[in-house]
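The block underneath contains the structure these notes are about, expressed in structure tokens.
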There are 2 protein chains.
Amino acid sequence: MDAVDRQILTLLVQDGRRTYDDIATRVALSPPSVRRRVDRLQADGALHGFTAILDHAALGWTTEALVELFFAPGTLLEEVAATLRDYPEVVEAWSVTGEADAIARVRTRSNADLERLIRALQEDGSVLRTRSQVILSALVTRPASA
Amino acid sequence: MDAVDRQILTLLVQDGRRTYDDIATRVALSPPSVRRRVDRLQADGALHGFTAILDHAALGWTTEALVELFFAPGTLLEEVAATLRDYPEVVEAWSVTGEADAIARVRTRSNADLERLIRALQEDGSVLRTRSQVILSALVTRPASA
DNA sequence: GCTGAAAAGTATTTTCG
DNA sequence: CGAAAATACTTTTCAGC
């Protein structure tokens, strides 16, 4: 993992479909060499893969919120994780320090759907209580850095 | 924006470097047709682009937190946004409903760096107070859906 | 371990219907 | 929209550092 690897990752974060030719020119290596480094970074776990960046709002998912979750005593993390994975609206979720036990990042097609989702989560068992923060606007959205 | 477009987006979210050939086979179109649809989706704003998915922990960014921000009265959103953009550790930030005015998702190399970042934010002016939730583990991480 | 030149194999892009 | 041709990219091979 040297400076060139980091440069390659930065270029691929900027544009995941950049050609090996293009990258090779920018980092002063040959295309096969770049390819071998990308494969190695992926094998080593530094690079997980490539994806498309969608505009969820443009696709109709206009409501986004961070929902703090408070568990019933004795609730297992894997139990809640499994429950959360049942809801496609849950985009990300983490266990956290602080008052809440976990936070779910959710995306719905409307505020009404968000309300239904929160109700469903509360009635699903392990989640005793929730506290939501609806996202009003994005202040910073930054491509990941290497 | 028909069913085939959504299928193409799903395939590209799964693998951002999938070839037009491969996609064409799966959606029963020709490669040029797929390419034209991808270009249109991008022009229409539904598809923003392509990126690499990094493992930040593997790259040394082992501490992640959600930091709630409480502004001084009369603080402008764009003012805080500009401040937050000055810190590369701030990966995402949103203005939100609820008690806090905004939430920043931050990534640092250590807990000590997180502490320094929070101190810096508090001393930077518009942020009066913060409340942090350090991420302990990921419960759900889902590729975006179309 | 790493590199790259060249050849062979694929994919992309343009053209045209 | 797709077939076909032209162009570009990727991948393998092989050899050198």
Side-chain angles (χ1 to χ4, degrees), chain A residues 1-61 109 141-146, chain B residues 1-62 88 107 109-110 141-146:
Chain A
M1 185 60 183
D2 59 12
V4 174
D5 284 339
R6 274 185 290 275
Q7 225 184 319
I8 291 173
L9 289 178
T10 300
L11 289 167
L12 284 173
V13 166
Q14 282 170 14
D15 178 1
R17 284 185 80 91
R18 219 184 264 281
T19 65
Y20 297 117
D21 234 30
D22 178 295
I23 299 167
T25 308
R26 292 169 196 269
V27 303
L29 280 177
S30 66
S33 191
V34 170
R35 174 58 204 255
R36 285 187 288 253
R37 279 169 180 263
V38 170
D39 286 347
R40 184 173 42 68
L41 287 164
Q42 211 155 358
D44 292 353
L47 172 62
H48 274 193
F50 301 92
T51 192
I53 305 164
L54 304 185
D55 184 327
H56 303 285
L59 291 163
W61 300 86
R109 297 195 156 276
T141 314
R142 215 195 301 267
S145 65
Chain B
M1 185 62 181
D2 59 11
V4 174
D5 284 338
R6 275 185 291 275
Q7 224 183 320
I8 291 172
L9 289 178
T10 301
L11 289 167
L12 285 173
V13 166
Q14 281 170 15
D15 178 1
R17 284 184 81 90
R18 218 183 266 282
T19 65
Y20 297 116
D21 237 28
D22 179 295
I23 298 167
T25 308
R26 292 170 196 270
V27 304
L29 281 177
S30 66
S33 189
V34 171
R35 174 59 203 255
R36 285 188 286 254
R37 279 169 180 264
V38 170
D39 286 348
R40 187 174 40 68
L41 286 164
Q42 210 154 357
D44 292 353
L47 171 62
H48 273 194
F50 301 92
T51 192
I53 304 165
L54 305 185
D55 184 327
H56 303 285
L59 292 164
W61 300 87
T62 49
R107 226 177 256 135
R109 298 195 155 274
S110 68
T141 314
R142 213 195 303 267
S145 65

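Because the structure is predicted, anything quoted here is derived from the model rather than measured.
The CD1-C1' distance, from B:Ile23 to D:dC1, rounds to 17 Å in whole Å.
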Report, as a single string ordered 5' to 3', how protein heavy atoms within less than 4.0 Å touch nucleotides 3-13 of chain C: B base, S sugar-phosphate only, - not at all. BBBB----SSS

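Counting only residues at least two apart or in different chains, side chain to side chain donor-acceptor pair (under 3.5 Å) contacts with residues 52-61 of chain A comprise A:Asp55-B:His48, A:His56-A:Arg107. Each salt bridge (charged side-chain N to carboxylate O under 4.0 Å, His left out) pair with one or both residues in residues 22-31 of chain B, not counting sequence neighbours, appears once here: B:Arg18-B:Asp22, B:Asp22-B:Arg26.
Side chains of B:Leu11 and B:Val27 form a contact here, defined as non-hydrogen atoms less than 4.5 Å apart.
Checked against side-chain contact (heavy atoms from CB on, under 4.5 Å), B:Thr141 has the following partners two or more places apart in sequence or in another chain: B:Ala138. Not a single side-chain contact (heavy atoms from CB on, under 4.5 Å) links B:Pro88 to another residue, sequence neighbours left out. Checked against side-chain contact (heavy atoms from CB on, under 4.5 Å), B:Asp44 has the following partners two or more places apart in sequence or in another chain: B:Arg40. Residues forming a side-chain hydrogen bond (donor to acceptor under 3.5 Å, both in side chains) with A:Arg17 (at least two apart in sequence, or on another chain): none. Scanning for side-chain contact (heavy atoms from CB on, under 4.5 Å) contacts around A:Asp39 gives A:Arg35, with sequence neighbours left out.
Across its full length, the helix from C:dG1-D:dC17 to C:dG17-D:dC1 shows an angle of 30° between the axes of its 5 terminal pairs at either end, rounded to 10 degrees.
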